[in-house]
Amino acid sequence: MSTSAPSANLMEAIVSLAKRRGFIFPSSEIYGGFNGFFDYGPLGAELKKNIRDCWWADMVRRRDDIVGLESSIIMHPKVWEASGHVAGFTDPLVDCKVSKQRYRADQLFFAAVVVDGKTAGYVSALESEDTVGELQAAAESLKRKKAIQGTLVPVLAKDMTEAQPDEIALIPSPATGEPGSLTPPRSFNMMFQTNVGAMTDASSVAYLRPETAQGMFVDFKNVVDTGRVKLPFGIAQIGKSFRNEITPRNFIFRSREFEQMEMEFFIHEDDDWAKWHRHWIDWCKGWLRSIGLPDSHLSEYDHPKAKLAFYSKGTTDIMFQYPFGVQELWGIAARGNYDLGQHAQASGKPQEIFDEATKKKFVPHVIEPAVGVDRILLAVLCAGYAEEDVKDEKGNVEKRTVLRLSPRIAPVKVAVLPLLKNKEALVGRSRALYQKLQRRHAVFYDDGGNIGRRYRRQDEIGTPWCVTIDFDTIEKPGDTFTLRERDSMAQRRITEAELFALLDEQVY
RNA sequence: GCGGCUAUAGUUUAAUGGUAAAACCUCUGCCUUCCAAGCAGGUGUCGUCGGUUCGAUUCCGACUAGCCGCUCCA
């Protein structure tokens, strides 16, 4: 058994499999698709739910120090002002189509060159200590160049956000000095906007959240007052977030609607943040391994201090080796007390904890592990996808496509297969086992085609085990089935009790 | 948002200025005592809109979507 290397078109193979087997469809496909959005089909929905459930179980239910939260997707607009998202991304940008330079529209100034009441042209300048002076000089230069007689009116500097549509084509690009290459200003704020209520005006503007984290900060006091929590403790949330990405790319890796699993771990202001930061990096890597991602594909990237936001103490990304490159999977950020501080200031409501030991109030610091469900799902598909050359009895080599998903997250845990479908005794025993398993697990019953075809079909969707009800089951004592294992294709006999025990141990 | 390439069945691909083919997949039936066997049958708006033409899936344009490279990525 050998594994061929399909890496060059691995993504194509995965996208194709995802579509063919009902994991992931392009959104609104019958209308031509919709860039940046995806639908999860029957198997994809199961897989995604399993990823979420595993995370929630390990992060929240099996711990004493972390509680869950489900906050609303649309929050008060002031949340996003306080968090910095509104200011951080409302900058309208202007492109120069010739030089490919990009300018912030509010930093690119222009002025009409008016001579004796007639507009002779336009000049532009980047924001500087003497923007008006530069524009004036440029205007005089233009007047000389065009050899226009008359009196030059002092320039009136405007920035590009004030440019009329018919002016834009006449304003020269600072890069080329020639007009015609600048685009109209475009807003690059990645937050989706909507209006709340009947009025559609500035006062009704609201945003779809671009991250779930702010919910934990805004509800911090509510959780502290009701959750019986003591530092250090965490608040975790799973939910959809929305970013109007400029370039959605790489299948579901960067999409405009995605699902996050975030946890804010609050610590004492005097606590050793670096120790907790390291703790959570290790925890996250361990969790990724527990759902089947190989260590060989995982790495860490420390954001350089110089590039960090001023409040950030450190950010480490757990990277995953996707077919299209090593990319961020899970960001673990030490954010100080910036977020709670911002909300305290903006809302006027202190976001403090009382320290019984020192009798002092303080704003806790936070470590934030934030990961995208869709990115994990893509990672497990990429890591699990394999095409193997297997030999049949006659020695002919044929291809086997197998999705090596961890039993924890596999959409189907067990397929129940009667060896033959036209033998009533086999079908009856299979049905009975299927119905019993169904009460506890995601299982699949299949009697179509021959047994080999059914095994391969389950291989392709990542089902870890198949049980086949054969003539030994019904004719020999012990009521045993054939258990066929996905990765090794090995078979052994197993009883119903042993099967349930196996599932109990492997699916958690 | 810019540039290049692309769009035919669920998937992978053909052919063609005269209403489209194959393989695989899938579904139904038969058969089948352990790894995609066989037999019979079913399932198709050529991405959308427009133009040229007697006639367009084919030529042209726009749009939409996808891929690659820029750009962006708090």
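Keep in mind it's a predicted model, so treat the numbers as computed, not measured. Letters A, B, ... mirror the listed sequences (proteins, then strands); counts begin at 1.
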Nucleotide nearest [X] (side chain, heavy atoms from C-beta), chosen from [options]:
| X | options | value |
| --- | --- | --- |
| Ser16(A) | U11(B), C34(B), U32(B) | U11(B) |
| Asn250(A) | C68(B), C34(B), U11(B) | C68(B) |
| Arg484(A) | C35(B), U33(B), G10(B) | C35(B) |
| Arg20(A) | U26(B), U33(B), G10(B) | G10(B) |
| Tyr455(A) | C72(B), G10(B), C35(B) | C35(B) |

Looking at [X], I'd like to know whether one of its side-chain N or O atoms comes within less than 4.0 Å of OP1 or OP2 on [N].
| X | N | answer |
| --- | --- | --- |
| Arg254(A) | C72(B) | no |
| Arg457(A) | U26(B) | yes |
| Asn422(A) | C31(B) | yes |
| Lys19(A) | G10(B) | no |

What does [X] touch in the nucleic acid at a heavy-atom separation under 4.0 angstrom: a base, only the sugar-phosphate, or nothing?
| X | result |
| --- | --- |
| Asn35(A) | sugar-phosphate |
| Tyr338(A) | nothing |
| Glu211(A) | nothing |
| Lys421(A) | base |

Would the [X] and [Y] ring centres measure less than 6.0 Å apart?
| X | Y | result |
| --- | --- | --- |
| Phe253(A) | Tyr322(A) | yes |
| Phe324(A) | Phe251(A) | no |
| Phe217(A) | Phe220(A) | no |

| said: Classify the ring geometry of Trp276(A) against Phe265(A): parallel below 30°, tilted from 30° to 60°, perpendicular beyond 60°. | reply: tilted
Report yes or no: do [X] and [Y] form a side-chain donor-acceptor pair below 3.5 Å?
| X | Y | value |
| --- | --- | --- |
| Glu300(A) | Thr316(A) | no |
| Tyr40(A) | Asp374(A) | yes |
| Ser71(A) | Gln237(A) | yes |

Between [atom2] on [N] and [atom1] on [X], what's the gap in Å once rounded to a whole number?
| X | N | atom1 | atom2 | answer |
| --- | --- | --- | --- | --- |
| Phe37(A) | G66(B) | CZ | P | 11 Å |
| Glu388(A) | C35(B) | CD | C1' | 12 Å |
| Asn450(A) | U32(B) | CG | P | 13 Å |
| Asp446(A) | C27(B) | CG | P | 7 Å |
| Phe253(A) | C72(B) | CZ | P | 17 Å |
| Leu10(A) | C68(B) | CG | P | 13 Å |
| Glu12(A) | U12(B) | CD | C1' | 10 Å |
| Met11(A) | U12(B) | CE | P | 13 Å |

| query | Quick one: does Arg454(A)'s side chain have a donor or acceptor within less than 3.5 Å of a partner on Gly448(A)'s backbone? | reply | yes
| query | Can you find a donor-acceptor pair, distance only, under 3.5 Å between Arg453(A) side chain and C35(B) base? | reply | no
| Within the modelled atom types, does a donor on one side and an acceptor on the other bring the side chain of Arg456(A) and the base of C35(B) under 3.5 Å apart? | yes
| said: Assuming nearest nucleotide by heavy-atom distance, tell me which of Phe251(A) and Glu460(A) is located more 5' along RNA chain B. | reply: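 Taking each residue's closest nucleotide, the earlier one in sequence belongs to Glu460(A).
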| query | How do Arg243(A) and Asp459(A) order along RNA chain B: which one's closest nucleotide is nearer the 5' end? | reply |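 Looking at RNA chain B, the more 5' nearest nucleotide goes with Asp459(A).
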| field | Runs of at least three consecutive pairs that involve RNA chain B, where pairs are Watson-Crick or G-U with distances under 3.5 Å | value | B:1-7 with B:64-70, B:10-13 with B:21-24, B:26-30 with B:38-42, B:47-51 with B:59-63
Span that lies between the [atom1] atom of [M] and that of [N], in whole angstrom:
| N | M | atom1 | value |
| --- | --- | --- | --- |
| U19(B) | C24(B) | C1' | 26 Å |
| G18(B) | G10(B) | C1' | 29 Å |
| A65(B) | A15(B) | P | 29 Å |
| C49(B) | A56(B) | P | 14 Å |
| A14(B) | C73(B) | P | 40 Å |
| U8(B) | G66(B) | C1' | 15 Å |
| G38(B) | C25(B) | P | 9 Å |
| A37(B) | C5(B) | P | 42 Å |

| query | Nearest heavy-atom pair of Leu417(A) and Cys466(A): which atoms, and what distance? | reply | CD1-CB, 3.9 Å
| Non-neighbouring partners of Ser299(A) that pass side chain to side chain contact (heavy atoms under 4.5 Å, CB included), sequence neighbours left out | Met319(A), Val326(A)
